[in-house]
Every structure is written in structure tokens, then in C-alpha cells.
Amino acid sequence: MDDENDKDCLAPASTNTFGIPNEPDLLLEYELYKASMGTKRLPSECHREVYAEAFIEHERLGTLADLCVRALAKLGTRHIAPPVKQDPMKLRIHYDSLDVNLPLEECYFVEDVRFWRRVVLAKSSDKTLQFKKIDEYDWRGMGISLKYVELVEACPAAFWPEQQMSELGQLVRNYVRTLHIKHLQSLTDHSFSHYVESEPELDATSDESDEPDISSDESDTPAEEESEPTEDEERERPILRKRASRKDSSVRISDQTRVIEIDLQASVTEMKSQSEVRWKRKEARYSRNAARQQLRDLQQEKRAEHERRKQSRALMRKLPEPAPTLRKHRRSKITGLFNMTVQPEPDDGEADIPDKRNKDKLLDRLKRYDYPAKHCHHIDLSFVRYFDMLNSLTIEFLGPEMDRHYHKRHMNFSYDDMVHLAEGVRTLQQLKIFRLRNSRMDSMKLLIIARALKQLDALEVADFGYDQLEDNCNVALEMLLERKVMLMQLELEYNKLGTQSVDSIGYALRCHADNEPHGTPLRYLGLAHNPVGDYFLVNLIHGISGTNHVQELNIKGVEADSEIVERDLSCLLRTHAPLRWLNLAGIPLNAIDSRDLICSLESNHKVIYFDCRNCDMDLECEYEADIITRRNKYEMNREPLIDFLRSEEGIQEYLGKLRHPLVNNLERERARLSECIRNRPSHSSSESSIKEEAQEEYQEQEFDIWKVLGVQTSSVHHHELEKEPSTPSAQSSESTFVYNPNLFNLDQVREHMHLPGPGNRYYYFQKQSGALESNF
């Protein structure tokens, strides 16, 4: 019965409860005045609805002072109360109470690392960051970068707040080192309505814009090529042009005599070198002309678009032609109902309106406009120029969060976007890593960004993976590699590159090796999953042979003939000395011809990584490849020892010096112990402690009450002077300083009691004063 009564008196499960702080005084008052079980059984208390004593007492709730600090933290972070600043515990509670979703302009000045760590873990998609310690990562810089990227991705494509974002960028520019932009907002459907509702003859589709009928103005005749001066020659001979404008005959004579003199004195090798230089200049001129022509095509296309818009506006302003007046015919006499002629109704134009009334025409109009890339604009990406201390920039045009509302226009981006991005990237002289991935690129877009990246000498990594690049991007890739300081990594995985692109890469690397023989080499080249063709390795080997480029090569899953690839790989392993890393996984090789590849790998003592998974090789061949790479790693780690073991005498000497690991550990421990004994101090600490104990015993025996009370007699004073040279305290004072608390009187002790010093000095005074009281 008691249990049933208790259940009736307790609060229902749906009762709203509230919490109180763990303040000791409040808890004591609550324990004193809370309602007892007997009070709850009273009839007057059985049917109440408010239970004020139903509290939530959580151990992490904190005290009332902690709750006040948390409430103050929600008001702002710029001005912290002085009591909170002075108490480290309250300051810790203040920073732990800050919301991770605070606006950037209200929290960029916070220096607490734990707060920025919470921000990064809450907003970053990289789950491995939670395993990093607080001093192993730039939490503040990464948190500020994530907050700024959130603002950028939330901006609509039609409006970019230039002033607000530039002011905020200037405030945080010293902290941002990385930027990773994924989901930029695209234009809405209303922005494309004037393209969709236009007439068919005035529509500009992507097919028409991709293939403009504009011929190149460059000449291809040999005579004009030789007579056309290059840019280098124009810089080297400015004075010659001025003279030519004044006296053409004198210039011709001087040129002719100089040519005759060269023909008489030049050797065959010099003529060959001049022909090679002339050929290289010609090839460089061809590539520059192709780049210029592409830019001219883009400019011409913009002009054609402008003319189209002018024509459409002119047609819209044109007044309709007046309808012809119809002559009135004499009404014929009606002879019968079935012989009467009825005029058709006038056309109201409803049959030509492309809406839901005519769904077929509406569908045809929507299909006619395929949302070309030149119309899919985004925000002004030149805002990256605000962060001049940026080291890593990653951009992915993945569109907004679409979920189930996918449309290809979200994934496209225009040439103007690339122009704006190039303008911003050109100013980032400290940029080391540039990644433009998962985007719909083409040759023109790559050419625009390559011209900007070419001017960055500090750039080390260029990544264009998953960008749908085709084989016509060879000019842009060659321009990207025409630089004094070569890239360290060029990642082109998962594209549609072919033989021409690989040829351009090899030619650019060869030219860089000839112009900069002591320059930094290209360490990594990624061509995985590209339809590069059968003979791509031949041209690449021809370009990099004899150079220090391409120490790591990734050709995983390329589409090529297995026999040709196996033959070229064997040649690469035997001839290219700088090669250290090779990944050819996923390339179907012949099981019989793979033996030649293993033999080539065995002759190479530098390759330390060789991935041949899913290559249809035998298990024995894969095992031998693994053994060979382990051998190369062992030789690389012990290169001096390998040179020493070349001869039989070196091997015998090495075997004679071998020791068991336990013996080596014992010898190392004994050497460490002997070193410790040799470097130990000369005087032990026990001597000073013995002197201090003897001094304390002597002071207890020679205790003088008059000295403690501050009264000194002449006899006592002379007696002390006589005994002072013979006391051990005088001898010890010469060596070390000893604190004697009995030399102070009562007033001095009280005066200096609050000052720092030996904690037991008052203990000696009380001990001696207690001995005096017992004597009296």
C-alpha cells in the first residue's frame, strides 16, 4: 500500500522540470525546505499540477558563477569582463561556451585554439582531423578559412557583395593559408528565360559556339615563316629596326657580309646546333600562334553574340505589318442551310504559344536550348586576390546541393568565370598548390588558367583531375610547363588526354632540361585512366630521356595495347635512371611477355615502388617484383654499406664485426654508465647536509635567551667575539650560506612573516621560545 501511495504522490512522467546550478548554499537550502514524503501523502497535495521540487541536478551544470560566464559569452566575444579575464578557469568556460556558428567578423580575433578546433571538427568533412593533437595543426587558420568559404558558397550567382567581402578578407588575410571551394551557387531558371523564349533563328546553341567559322590569319609558307621575326629577335634587335627605317641598303649589306663570314668560319656542329635552335623557335612560334588564335576565336565569338543580341532587339522593336484590308463581297442569296458558306475564325495565335496548352512546342523549345557553358556564370572568383598569403587553393565546380533536383546547368561554368579566377590567381605569388578538380573544363578554359599559373614561380603542385580534358589541350599543357621553376607534381588523372597531349608534355620537359640544366625537375606525373593511345610512352621516353624529370610515373588504367606498353615499360626501366616510383595497376599485360618486364625491373636498382595489381601477371612474377623492390629499398637505406660489400675482403670484415643484439645492448649500456660516472660532480650533496645538521645542533646547545629577547650585555658580546673564530658556523659560512632563524627578534619575525622564504622559520622561533617558558 505504501508503494502505491508513493506512486500516487510522485510527479507524473510528463511534468516539465528545470535545472538549478550546483551551488553548495542553494543545495543545502533545498535539502532543508524540500517537501517530505509525508507531506506529499496529504490529501491537499495529491491533485496538484505544479511540482517545484522536481529539479534536474546535473554535475556538468556548474555553479551560478559559471552560468553567468556562459550567459556573458552569448552576448559577445569582443569585450570580455575583467573578472573573467583574470580567472583562467572562468576564461576557459567562456571560450567553451562560444557557438561554432558565430559570424566570422565577431570571432576572427579569438586566439583560443580549442574554440577553433571545435569549429573545424564541426564544419570540415575530413574526419581524420579529430585524431590530430591541438599543437599539430593550424586550427585557427583552417577555421577562419571554413567560415569564409561558407559565406562564399552562400552568395547567389547574380549578386556578389564586393565591398563587404573585401573588407572581411582584409581582416582575415593574415590567418588564411588554404581555401577549398566546392559548392558555388548557380544562376536560377529565371536568368535563362530570355534565352529559352527567343526565336529559333536567333538562338545560339553550344554546338554553334564551339565551332566558329573563323580562319586563322597566320601564314604557313616556309618563306614567310623564316622572314617572320620571333619575339626574342624583336627584343634583341631594336636598334637594327631603327637603322632599317633610315637606310635599308646599309642594313642589307651588313647582314649579307655577316652571313658570308659565318658560312666561312662555322663548323658542321655549329650549323646543326643553329638548325636545332631555329627548329625550336619555330615550334614555339607555332604554339604561341595557336594560343593567340584561340583567344581571337573567343573574342570573335563574343562579338557574334553581341551582334545577335542587337538583331534580336531590332526585331523586337520592329512594328508588325498592318493586316491587308479585305474587300467586301456581295452576300449571296441563301438558298438552303447546307449550301451556306461560313468564313473561318481569325487566328488568335494560341496554336503557336509554347506553354502547357501546346506541350510539344514547349518541349521543343526547352530541348533547343541546351544551357551552354558561356551562359552559366558564377560569382566573381577574383576575390582570391584578397589572400596574398595563400598557400593552397582548391576549387571544384560541383554546383549547389542539388539532392534529387539535378540539372547539368549547375555543373557548367563560363569563360568569364575562368578569366576572373585567372585575374585573382595571378596575384598569389606564395601559392604552392593549385587544384581545379571535378569540373567541366575544355582547352580554352585550361589555356586561360595556364597563362596565369605560368607566372607563379612558387607553384609546386598543379592538379586537373576529373576535369574531362580532351586531347586538344596540348597547347595549354605545353604553356603550363614553359616556366623557369618547374612544377613538382602535375596530376592529370581521369581525363580524356591522348597522344598529342603526352607529346606536348615530353617536349616541354625536354626544352626545360635544355634551358635549365640545373633546375628543379618534375617529380610526379599522373596520367592514370586516360585514353593516351598505344605509343604514348615512346614519345614520353624520348622527351625525358637524359633528364632528371619524372621520378614518379602513374599510368594506372590507361587505354593502350598491352604488348606495346610492356615493351615501352621495359625500355623505361632500363634507360630512365631517375625513376623511383611506377604505378601500372589495371593495365592488362600478357602473362608470357610480363617476364621481360620483370627482367627489366631486376636490372634497375633504384625503383622502390612497383604496383602491378590487376595486370594479369602470374603470382610468381608479382612475388618477384615485390622482392626486387624490397631489395632496392634495402640498398637505398644502406647505400654506404652496399658500396663497402662490393669486394670479398669487405664482406669478411663486415662479418667479423657482427655482434648479437643482446651483446650490443650490454656494451651500449656499459658505455653510457661509464660516461655518466666520468661526468658526475666532484662534491656530493651529503657533505653540505651534514654540515647543516651539525650547525643546528650547535645552535640549540648555545641558545641565549637575552639574544632572543634582543638584550645583549657587554660580557656576552665579548664572549661571542672570542668564540666566533672557533665556532663551526663561522667556518661553514665561508663555504655556504645558512639561514639561522634565531637571529631575529619577535618584532622582526612578525614584520617579515608574510614575505616569501623558508616555511619553517617560525617553527624554530616557537621551539626556542617554548624552551624559555619551560625554564622560567
Are Lys182 and Glu401 within salt-bridge range, i.e. N to O under 4.0 Å? no
Does the structure place the NZ or CZ of Arg409 under 6.0 Å from the centre of the six-membered ring of Phe192, at an angle of no more than 45° from the ring's axis? no
Distance-only donor-acceptor check, side chains Ser562 and Asn590, under 3.5 Å: no
NE2 of His542 to OG1 of Thr575: how many Å apart, nearest 0.5 Å? 12.5 Å
Under 3.5 Å, side-chain donor or acceptor atoms of residues 477-490 against the rest of the protein: list the pairs with distances, not counting sequence neighbours.
residue	atom	partner	partner atom	Å
Arg483	NE	Val485	O	2.7
Arg483	NH1	Leu453	O	2.9
Arg483	NH2	Leu456	O	2.3

Check whether Asp463 reaches the backbone of Gly465 with its side chain - one donor and one acceptor, N or O, closer than 3.5 Å. yes
What pair of heavy atoms forms the shortest contact from Val565 to Ala560, and how long is it? CG2-CB, 3.5 Å
Using the ring-ring contact (aromatic ring centres under 6.0 Å, His included) rule, take His410 and His405 through it: C-alpha gap first, then chi angles, then the decisive distance, then the call. CA-CA 10 Å; His410 298 304; His405 305 284; 9.4 Å; no
Answer with yes or no whether the side chains of His375 and Tyr369 bring together a donor and an acceptor at under 3.5 Å. yes
One pair to check against side chain to side chain donor-acceptor pair (under 3.5 Å): Gln185 and His378. What are the steps and the verdict? CA-CA 7 Å; Gln185 298 293 326; His378 291 78; over 6 Å; no
I'd like to know whether Phe383 forms a ring-ring contact (aromatic ring centres under 6.0 Å, His included) with Trp160, so could you lay out the CA-CA distance, the side-chain angles of the two residues, the decisive distance to 0.1 Å, and finally the verdict. CA-CA 10 Å; Phe383 73 90; Trp160 169 250; 5.3 Å; yes
Would you say Ser124's side chain and Leu121's backbone share a donor-acceptor pair under 3.5 angstrom? no
Using every non-hydrogen atom in the two residues, find where Ile448 and Ala422 come nearest and quote the distance to one decimal. O-CB, 3.9 Å
Does the Asn604 side chain pair with the main chain of Leu573, one donor and one acceptor, at a distance under 3.5 Å? yes
Test item: His576 side-chain N/O and Val550 main-chain N/O as donor-acceptor pair under 3.5 Å: yes
Which pairs with one or both residues in residues 513-523 pass side-chain hydrogen bond (donor to acceptor under 3.5 Å, both in side chains), sequence neighbours excluded? Lys280-Asp514
Checking Tyr371 against Asn412: is there a side-chain donor and acceptor pair closer than 3.5 Å? no
Residue Lys432 excluded, over 12 heavy atoms near NZ under 6.0 Å: no
Cationic N near anionic O, under 4.0 Å, Arg613 to Asp611: yes
Residues Phe397 and Leu381: closest non-hydrogen pair is CZ-CD1, 3.7 Å
CG/Leu497 to OG/Ser504 distance, rounded to the nearest 0.5 angstrom? 10.0 Å
With sequence neighbours left out, what residues match Arg574 under salt bridge (Lys or Arg N to Asp or Glu O under 4.0 Å)? none
Is a side-chain donor-acceptor pair under 3.5 Å present for Asn474 with Tyr507? no
Quick test of your reading of the model: are Glu552 and Arg580 salt-bridged, counting only N-O distances below 4.0 Å? no
Quick test of your reading: applying side-chain hydrogen bond (donor to acceptor under 3.5 Å, both in side chains), list the pairs with at least one residue in residues 528-540, sequence neighbours left out, ordered by first then second residue. Tyr494-His529, Asp503-Asn539
Across all chains, not counting sequence neighbours, the side chain to side chain contact (heavy atoms under 4.5 Å, CB included) partners of Ile628 are Ile598, Leu601, Glu602, Arg631, Asn632
Indicate whether any N or O donor in one side chain lies under 3.5 Å from an N or O acceptor in the other, for Arg296 and Gln293. yes
Whether Glu153 side chain and His183 backbone form a donor-acceptor pair below 3.5 Å: yes
Should we say atom OH of Tyr623 is surrounded by more than 12 heavy atoms from elsewhere, each under 6.0 Å from it? no
Ignoring hydrogens and geometry, is there a side-chain-to-backbone donor-acceptor pair from Arg510 to Ser545 under 3.5 Å? yes
Under 4.0 Å between a side-chain nitrogen and a carboxylate oxygen: does that hold for Glu635 and Lys606? no
How about Ser382 and Asp380: does a side-chain donor come under 3.5 Å of a side-chain acceptor? yes
Sorted by chain and number, sequence neighbours left out, side chain to side chain contact (heavy atoms under 4.5 Å, CB included) with Lys633 holds for Ile608
Write down the atom of Ser594, the atom of Cys621, and the distance for their closest heavy-atom approach. OG-SG, 4.0 Å
Any donor-acceptor pair under 3.5 Å from Ser600 side chain to Asp596 backbone: yes
Backbone N/O of Gln468 and side chain of Asn495: donor-acceptor pair under 3.5 Å: yes
Quick one, Leu553 with Leu540, criterion side chain to side chain contact (heavy atoms under 4.5 Å, CB included). Give me CA distance, side-chain angles, the key distance, then yes/no. CA-CA 11 Å; Leu553 181 60; Leu540 182 62; 4.2 Å; yes
Taking everything shown except Gln130 itself, do over 12 heavy atoms lie less than 6.0 Å from its CD? yes
Would you mind telling me which of Lys445, Lys374, Lys302 makes a salt bridge (Lys or Arg N to Asp or Glu O under 4.0 Å) with Asp416? Lys302
